[in-house]
Amino acid sequence: MFAPRVFLSMIGALAAFAVATYYLNGSLASTAIQTLICAVLIQVGYFVAVLFLVWKEARERRKLSSQKQFVTAEAANDEKQPGKVSLRRLNRPHHLNS
């Protein structure tokens, strides 16, 4: 969510809302109040959306770090046992010269 784009979109939506409200009501005061309420609702929605994106990113990072710790611990256990070939070595991609 790029903030300037969201801000410009919000202004455009509020302008369209204000024109439609004035056309339907014919009252400038009612239009101003309803447009202000709409602006607050849009800001609350934007804030909730940003919080959701931050929460989602934090959850993904926690999941990735826990998987990385599991793989590191597993590799350490494989390499410590004598006579065993590490699965990590077997699964490494090899370069093919064609």
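Fair warning: this is a prediction, and the values are worked out from it, not measured in the lab.
Here Thr31 contributes atom OG1 and Leu36 contributes atom CG; the two are 12.5 Å apart, rounded to the nearest 0.5 Å. The structure places CZ of Phe7 at 11.0 Å from OH of Tyr46, a figure rounded to the nearest 0.5 Å. Distance check, rounded to the nearest 0.5 Å: CG of Leu24 to OG of Ser30 gives 10.0 Å. Atoms CZ and CD, on Arg62 and Glu57 in that order, are 11.0 Å from each other to the nearest 0.5 Å. Separation of atoms CH2 (Trp55) and CD (Glu60) is listed at 9.5 Å; rounding is to 0.5 Å. With values rounded to the nearest 0.5 angstrom, Phe17 atom CZ is found 9.0 Å from Leu41 atom CG.
Following chains of ILVMFWY side-chain contacts shorter than 4.5 Å, one cannot reach Leu14 starting from Leu8, and the two form parts of different hydrophobic clusters. Hydrophobic clustering, with ILVMFWY side chains joined whenever heavy atoms are under 4.5 angstrom apart, groups Ile11 together with Ile42.
Around the CZ atom of Arg59, the shell of radius 6.0 Å holds more than 12 heavy atoms that belong to other residues, nucleotides or ligands.
At distances below 3.5 Å, not a single donor-acceptor pair connects side-chain atoms of Thr35 with backbone N or O atoms of Ala32.
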